[in-house]
Every structure is written in C-alpha cells, then in structure tokens.
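This chain uses plain numbering: 1 for the first residue, then up along the sequence.
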Amino acid sequence: MKIKLNGKDIETGENTTVSVLLVKYGLNGKPLVVELNGSIIKSGQYDGVRLNEGDVLEIVRLVGGG
C-alpha cells in the first residue's frame, strides 16, 4: 500500500502502524511530532494507529539547541 511520508510516496505493508513505521526509520523513542492526515497523533497512540492507503504522514523531529 502507498502512503505519503514527509512529501514522498513510500510503500508499506498492510496493517502497518505508526509505531512500526517509526521503528523502521529508526525514530522510535526520539522526540518528534507525528501528524496523520492533518491531525496530531499523541505518542501513546502510535501502536494503535493503523495506516491506510493514501494516508499523508508527516514526522517532524524535535531538535534542541542554543
């Protein structure tokens, strides 16, 4: 199935969750914000949010600095 991740089309498996995708890209446990189809997903919901064909996912890493 195809979804759009940060503006790029990618292929994911059926029943892929946000959590699985974060692990795949090495982002699990990193400070970030996830937006799915224009709505922010809380970090405690990553395991239960399944992606669907055509979903638009934005993952923004939070980087501190000074």
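Looking only at side-chain heavy atoms (C-beta outward), T12 and V20 stay at 4.5 Å or farther from each other.
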Residues L51, M1; criterion side-chain contact (heavy atoms from CB on, under 4.5 Å); working and verdict: CA-CA 9 Å; L51 301 172; M1 118 183 126; 4.1 Å; yes

Residue pair T17, D47: steps toward the side chain to side chain donor-acceptor pair (under 3.5 Å) verdict: CA-CA 6 Å; T17 63; D47 288 338; 5.3 Å; no

Candidate pair V34 and V49, rule side-chain contact (heavy atoms from CB on, under 4.5 Å), full reasoning: CA-CA 11 Å; V34 177; V49 177; over 6 Å; no

Full working for side-chain contact (heavy atoms from CB on, under 4.5 Å) between L22 and L32: CA-CA 10 Å; L22 292 177; L32 47 83; 4.3 Å; yes

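There is a path of hydrophobic side-chain contacts, each under 4.5 Å, that joins I41 to I10. Grouping the Ile, Leu, Val, Met, Phe, Trp and Tyr side chains by contacts below 4.5 angstrom, directly or via other members, places L27 with V18.
Considering all non-hydrogen atoms of both residues, L57 and L36 come closest at CD1-CD1, 3.9 Å. Listed here is the closest heavy atom pair of E53 and K2: OE1-N, 3.1 Å. The shortest non-hydrogen separation linking N6 to E58 is OD1-CA, 3.1 Å.
For the atom pair L5 CG and I59 CD1, the distance stands at 5.0 Å (nearest 0.5 Å). Note that the CZ atom of R50 and the OG atom of S19 stand 11.0 Å from one another [nearest 0.5 Å].
Judged by distance alone, the side chain of N37 and the main-chain N or O of V56 form a donor-acceptor pair under 3.5 Å.
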